[in-house]
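Order of the sequence lines sets the chain letters (A, B, ...), proteins ahead of strands, with each chain counted from 1.
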Protein chains: 2
Amino acid sequence: MSEDGVQEGAQEGAREGAQGRRGGRRQERGRRRMEQILDAAEEVVAEQGFEDTTTNAIAARAGVSPGSLYQFFRNKEEVLDGLVERYTATSREFWSTRLSDGTARMSAEELVRSVLTGVSEFKTRRPAFWVLFHGSAASPRLERVASSIRADIGRRLTEVFLLRAPGADPARMELLAAMCIATVQGVFPMVMEAGEERRAEIVVELTRMLAGYLGPEIGAEPPA
Amino acid sequence: MSEDGVQEGAQEGAREGAQGRRGGRRQERGRRRMEQILDAAEEVVAEQGFEDTTTNAIAARAGVSPGSLYQFFRNKEEVLDGLVERYTATSREFWSTRLSDGTARMSAEELVRSVLTGVSEFKTRRPAFWVLFHGSAASPRLERVASSIRADIGRRLTEVFLLRAPGADPARMELLAAMCIATVQGVFPMVMEAGEERRAEIVVELTRMLAGYLGPEIGAEPPA
DNA sequence: TCAAAATACGAGCGATCGCTCGTAAAAGCA
DNA sequence: TGCTTTTACGAGCGATCGCTCGTATTTTGA
């Protein structure tokens, strides 16, 4: 090592991909800090909305100086990208556990209801998820983020549909999935704004609409 | 006037309301300027999005100084409120012409298709409408605006439903209308982003979904 | 033990944006 | 014609926000 000093060149390529300062070998402490910052971002986005979220507010919520935040994220957008990454990872687990068991045997209505309650739970656990999922025609930045989240969910849902209708055209199933996701995106705010009993009523409506829509193509095989 | 310098104290009370538009003894020229400013706001919102729209940009687009803008609108939000007001007025015409004729005789599918093409046209004529209608969970301000627009459309649509199903429960029809509006809000971005032929395909899907949902309660009376 | 790297701080820079203010020209009214 | 009101201007104030920079502390690795 004494020869020339510079010998870290071999390493720097490995890490640079995701986020934060380039070429940096991150310590355990740093990785924890990044999670803290993302947790804080989650809270602030859920409370203030996407556009009103400031980096200083995120840093303060995380109990960290603005400078420290930029130690790990190059700019505000990268923080949001970090949130999205966490969501898609979590959503991956969510769907796999929810689809591994007997979804193929469910009626379309049971399937829809099961997924809807799942989404509802997820939204409670991750308050900012809905904001990023819903997106907005008003904000190009947010829409970019939202459509990437929806695309990921679309892929999962397409798999489920193909599992239930093995002979079907994949492109067709993709379209059905996209329609369902868009519909839920549109209707879910109603669910959230409504009171407790009203909420159940709307979920019933949404279930009826989607089950009716999917039924002919994704309906359960007759249990005979 | 030279006597004491300070003698405008008697006037200042009258001044407070005049700034904005409250006690509006507005001249013809002023009313035209307001329309110009709203036109400019329409363009800028459609191009930049809701949050990225600045009052200075609106003024510049309208060919007016920032000061002049604030001669007519007390703040940014009032400009957006003005846009919404124009929309609800235009939407009033839109619905009344679209509902005055034989909507009661149409099948649910025809009705849905007719409304959808209408919305599509409207969106082309008023580019910023979609932005304000779609709203966003990410922006409390925008959501306020959007929900007021949706509420107005909801009232119109409820009327149509009641016209087609005179015996039905009004509250029930209101719920159906809200569901339809939310669904369209969710799915329409897909329509807009898609290419020409793809677009028709999605509209067919949306029509099928809504017609299937409404059919049992709003379907046409048997023509027999 | 010690230098390099990673982590941490926080004041504040530069840019933006909503909006004001002093001023002055056009329009209504006597 | 004069006086008031409305319309018009545009530089710039005050506040905010994303982000930087100089510096100090902790951890790593040899």
Point to revise | Aromatic ring pairing F122(A)/F129(A), orientation class (parallel under 30°, perpendicular over 60°, tilted between) | key: perpendicular
Exercise for review: Quickly work out the R25(B) CZ to dT6(D) C1' distance and round it to whole Å.
Suggested key: 9 Å
Exercise for review: Could you tell me whether the side chain of M192(B) reaches within less than 4.5 Å of the side chain of K123(B), counting heavy atoms only?
Suggested key: yes
Check your understanding: Hey, is CZ on R141(A) packed in by over 12 heavy atoms from elsewhere, all under 6.0 Å?
Key -> no
Study note, to complete from the structure: Rounded to whole Å, CD1 of I58(A) lies from P of dG10(C) at a distance of 18 Å
Protein-nucleotides 12-18 of chain D N/O pairs closer than 3.5 Å?
from, atom 1, to, atom 2, distance (Å)
dG18(D), OP1, T53(A), O, 3.3
dG18(D), OP1, K76(A), NZ, 3.0
dG18(D), OP2, T55(A), N, 2.8
dG18(D), OP2, T55(A), OG1, 3.1

Review point. Can you check the R26(B) CZ to dA8(D) C1' distance for me, whole Å?
Key: 13 Å
**Study point:** Pairs meeting criterion ring-ring contact (aromatic ring centres under 6.0 Å, His included) with involvement of residues 171-204 of chain A, two or more places apart
**Key:** W130(A)-F188(A)
Check your understanding: Whole-Å distance between dT26(D) P and R33(A) CZ?
Key -> 13 Å
Check your understanding: Looking at CZ of R92(B) and CG of D152(B), how far apart are the two atoms once the value is rounded to the nearest 0.5 Å?
Key -> 5.0 Å
Study note, to complete from the structure: Per atom distances to the V64(A) side chain, the nearest of dA8(C), dC9(C), dT6(D) is dC9(C)
Check your understanding: How close or far is atom P of dC21(D) from atom CG of L69(A), stated in whole angstroms?
Key -> 16 Å
Point to revise | End-to-end axis angle, where each axis spans five pairs of the helix from dT1(C)-dA30(D) to dC29(C)-dG2(D), to 10° | key: 10°
Revision key, fill the gap. Paired with R61(A), the side chain to side chain donor-acceptor pair (under 3.5 Å) test is passed by just one of E42(A), E47(A), Q36(A), namely E47(A)
Revision key, fill the gap. Salt bridge (charged side-chain N to carboxylate O under 4.0 Å, His left out) test vs E35(A) passes for just one of R26(A), R86(A), R29(A), namely R86(A)
Check your understanding: Does the pair R172(B)/E205(A) count as a salt bridge with the N-to-O cut at 4.0 Å?
Key -> yes
**Study point:** Separation of dG28(C) P from Q27(B) CD (nearest whole Å)
**Key:** 5 Å
Practice item. Kindly say if S68(A) contacts the phosphate of dC9(C), meaning a side-chain N or O under 4.0 Å from OP1 or OP2. Key: yes
Review point. Atom CZ of R32(A) to atom C1' of dT27(D): distance rounded to whole Å?
Key: 12 Å
**Study point:** Pairwise distance CD1(I153(A)) to CD1(I181(A)) - rounded to 0.5 angstrom
**Key:** 6.0 Å
Check your understanding: Under 4.0 angstrom, heavy atoms only, what part of the nucleic acid is G30(B) near: base, sugar-phosphate, or nothing?
Key -> sugar-phosphate
**Study point:** Distance, rounded to the nearest Å, where Q71(B) contributes CD and dG22(C) contributes P
**Key:** 15 Å
